[in-house]
> 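This is the structure I want to talk about, given as structure tokens.
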Amino acid sequence: MPELPEVEVTRRELSPHLLGRVIERARTTGPSYFFLTTPRTLSRRLRGRRVESLERRGKYLLLGLEGGARLLLHLGMTGQLFFDGASSVRLLSSTAAASLAPEVQARFTPDAHTHLTLEFEDDGPRLFFRDVRKFGKVEWLPAGESCARLDKLGVDALEATGANLHAAAKKRRAPIKSVLLDQRVLAGVGNIYADEALFLAGVRPDRAANRVSRARCDAIVEAAQCVMLRSIETGGSSISDYVRPGGEDGGYQDERHVYGREGEDCPTCGALIRKTSVGQRGTHYCPRCQR
DNA sequence: CGTTACACCTGAGGGC
DNA sequence: TGCCCTCAGGTGTAAC
């Protein structure tokens, strides 16, 4: 679910309610591959730590703790980070949501998918990390240590230039979309914004990367930054699971040009938007605007 | 090395 | 109603 914009909105909205607070205890579900550090160890390490910073690298969040250790978080496909009091049908099982009147948004209560809960010494709002599919990740990084997952990330997509994309693209004949999704090239671009960027830049997603010119790479990166910045402004894309930390939906799902719009008219030329598969990912494009 | 296929996990939605 | 299939915003790994 979450790509750079959703992670950045989460970071911005978490920060003011997290920084300076002291973790009293952490509650977890049992060991699973969601926990790169075992839940036992994680709970022991987190207890009594003050939160000093919250940074984003690509789609990762790094919670900086007193003493220099960091907590690495990734939201995977269905991860949700939010506070006590958040209210949204996206935070409920479908059976629970179905029993509600459509306009009612029930307040979240911890369930089997809530893998990490942070409680604070100030008794203020708890922080929940819920993730139905468990593709998300939590890892304890000791002071002064990085990790392979972070070290291999390329330049953050918001800081990138067309030169960054072109340097990788000219060496590869994989589809340009696959290169755009490669986190070692630009960190943060995911399936929604890759499709949106290629649409705005007028480039077919399956075009061989080494046949995309420097000028086109410039246009693609510029378009990617444009849609991502706009998505951040609107609070990100809430299509199935993503919620903001207060429980609100983002707004960018209403501004998509092609993603999830197969069979609809292209907003530019009116041709029918098509859906295909590129690199095993659902891919949406306009057959007339994109060459 | 680059590329592809698949695995990880759960749930929603469509077809029959 | 139930069953079976496909699909989903991500990423790591194995095999060619």
Side-chain angles (χ1 to χ4, degrees), chain A residues 1-10 29-36 57-61 72-81 89-98 111-115 130-139 147-154 157 167-197 206 208-210 224 227-228 231-232 235-244 249-253 255-256 258-263 275-284:
Chain A
M1 137 245 195
E3 308 179 29
L4 185 154
E6 292 73 33
V7 179
E8 177 61 17
V9 170
T10 299
T29 51
S32 71
Y33 94 153
F34 176 84
F35 291 103
L36 297 177
R57 305 260 312 263
K59 300 174 196 171
Y60 289 91
L61 285 174
L72 180 72
L73 305 172
H74 194 289
L75 296 172
M77 291 279 266
T78 53
Q80 303 166 313
L81 279 168
V89 293
R90 296 184 197 278
L91 298 173
L92 306 172
S93 70
S94 63
T95 48
D111 63 0
H113 301 302
T114 310
H115 298 110
R130 181 171 185 267
D131 183 3
V132 169
R133 289 176 75 184
K134 290 192 283 196
F135 288 168
K137 295 279 173 282
V138 184
E139 182 174 16
C147 68
R149 310 174 102 89
L150 283 179
D151 291 342
K152 69 182 189 188
L153 292 181
K170 69 184 180 190
K171 293 184 284 197
R172 297 175 49 172
R173 56 182 161 181
I176 185 65
K177 177 174 173 180
S178 299
V179 177
L180 201 46
L181 288 175
D182 187 337
Q183 302 298 296
R184 297 168 303 180
V185 180
L186 305 189
V189 181
N191 207 35
I192 296 177
Y193 302 102
D195 281 2
E196 295 294 305
D206 63 350
N210 59 9
V227 289
M228 291 205 223
S231 180
I232 291 168
S237 295
S238 289
I239 291 170
S240 93
D241 297 278
Y242 171 71
V243 288
R244 293 159 68 165
D249 280 357
Y252 194 75
Q253 64 280 3
E255 299 191 18
R256 288 167 295 147
V258 290
Y259 183 86
R261 296 205 182 280
E262 60 270 26
K275 181 173 182 189
T276 57
S277 182
V278 174
Q280 284 94 243
R281 310 299 305 275
T283 296
H284 315 73

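Numbers restart at 1 for each chain; the letters A, B, ... are given by sequence-line order, proteins then strands. Only a predicted model underlies this, so the values are computations on that prediction, with no experimental measurement involved. These numbers come from the heavy atoms of this one structure, side chains and all, not from hydrogens, waters or symmetry mates.
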> Measure from CD1 on A:Ile239 to P on B:dA12 and round the result to the nearest Å.
17 Å
> Please measure how far the P atom in C:dC5 lies from the corresponding atom in B:dA7, and state the result in whole Å.
15 Å
> Are the side chains of A:Ser231 and A:Ser237 in contact, using a 4.5 Å heavy-atom criterion?
yes
> Under a 3.5 Å cut-off on both pairing distances, which runs of 3 or more consecutive Watson-Crick or G-U pairs involve DNA chain B?
B:2-8 with C:10-16, B:10-16 with C:2-8
> Reckon A:Gly136 touches a base, only the sugar-phosphate, or nothing at all at heavy-atom distances under 4.0 Å?
nothing
> Could you say whether the aromatic ring of A:Phe135 and the base of B:dC9 stack, counting only centre distances under 5.5 Å and plane angles under 30°?
no
> Let's see if you can work this out: which of B:dT4, B:dG2, C:dG10 has an atom nearest to the side-chain heavy atoms of A:His74?
C:dG10
> At less than 4.0 Å, is any side-chain N or O atom of A:Lys134 found next to OP1 or OP2 of B:dT10? Yes or no.
yes
> Just to confirm, is there a sub-4.0 Å distance from OP1 or OP2 of C:dG12 to any side-chain nitrogen or oxygen of A:Lys137?
no
> Looking at A:His113, does any N or O in its side chain come under 4.0 Å of the phosphate oxygens OP1/OP2 on B:dT10?
no
> Evaluate the side-chain proximity of A:Asp241 to A:Met77: yes if any heavy-atom separation is below 4.5 Å, no if none is.
no
> Measure from the side-chain heavy atoms of A:Lys152 and tell me the nearest of B:dT4, C:dG12, B:dC8.
C:dG12
> Without decimals, in angstroms, what is the distance between A:His284 NE2 and C:dC7 C1'?
11 Å
> Would you compute the distance between atom OG of A:Ser238 and atom CZ of A:Arg90 and round it to the nearest 0.5 angstrom?
4.5 Å
> How many whole angstroms separate atom CZ of A:Phe35 from atom P of B:dC8?
20 Å
> Given atom CD of A:Gln183 and atom P of C:dG10, what is their separation to the nearest angstrom?
8 Å
> As a test of reading the structure: which of B:dT4, B:dG2, B:dC8 is closest to the side chain of A:Tyr33, going by heavy atoms?
B:dC8
> How close or far is atom P of B:dC9 from atom CZ of A:Arg130, stated in whole angstroms?
18 Å
> Does A:Arg149 or A:Arg133 map to a spot on DNA chain C nearer the 5' end, using the closest nucleotide for each?
A:Arg133
> Return the value, rounded to whole Å, for the distance between atom CG of A:Asp241 and atom P of B:dG13.
11 Å
> Got a sec, which residues hit side chain to side chain contact (heavy atoms under 4.5 Å, CB included) with A:His113, two or more places apart in sequence or on another chain?
A:Asp111, A:Arg130, A:Val132
> Once you measure the plane-to-plane angle for A:Tyr252 and A:Tyr193, does it fall in the parallel (<30°), tilted (30-60°) or perpendicular (>60°) bin?
tilted
> Please determine if A:Asp182 and A:Arg172 form a salt bridge, counting it only when a charged side-chain N lies under 4.0 Å from a carboxylate O.
yes
> Establish, yes or no, whether the cationic atom of A:Lys134 lies under 6.0 Å from the six-membered ring centre of A:Phe35 and within 45° of the ring axis.
no
> For A:Lys171, answer base if it contacts any base atom (sugar-phosphate contacts may also be present), sugar-phosphate if it contacts only those atoms, and nothing otherwise; contact means non-hydrogen atoms under 4.0 Å.
nothing
> So, applying salt bridge (Lys or Arg N to Asp or Glu O under 4.0 Å) with A:Asp195, which one of A:Lys177, A:Arg281, A:Arg256 is it?
A:Lys177
> Identify which nucleotide among C:dG12, C:dC7, B:dC9 has an atom closest to any side-chain atom of A:Tyr60, counting heavy atoms from C-beta outward.
C:dG12
> Which whole-number value in Å describes the distance from A:Lys275 NZ to C:dC7 P?
7 Å
> Choosing from B:dT3, B:dT10, B:dC9, which nucleotide comes nearest the side chain of A:Val132?
B:dT10
> Can you tell me how far P of C:dG12 sits from CG of A:Asp151, to the nearest Å?
12 Å
> If you look at every strand shown and take non-hydrogen atoms under 4.0 Å, does A:Tyr259 touch a base, only sugar-phosphate, or nothing?
sugar-phosphate
> Evaluate side chain to side chain contact (heavy atoms under 4.5 Å, CB included) for A:Val7 paired with A:His74, printing each intermediate quantity in order.
CA-CA 9 Å; A:Val7 179; A:His74 194 289; over 6 Å; no
> By nearest atom, which of the nucleotides B:dG2, B:dA5, C:dG10 is closest to the A:Arg172 side chain?
B:dG2
> Taking the nucleotide of DNA chain B with the nearest heavy atom to each, does A:Leu92 or A:Arg184 sit closer to the 5' end?
A:Arg184
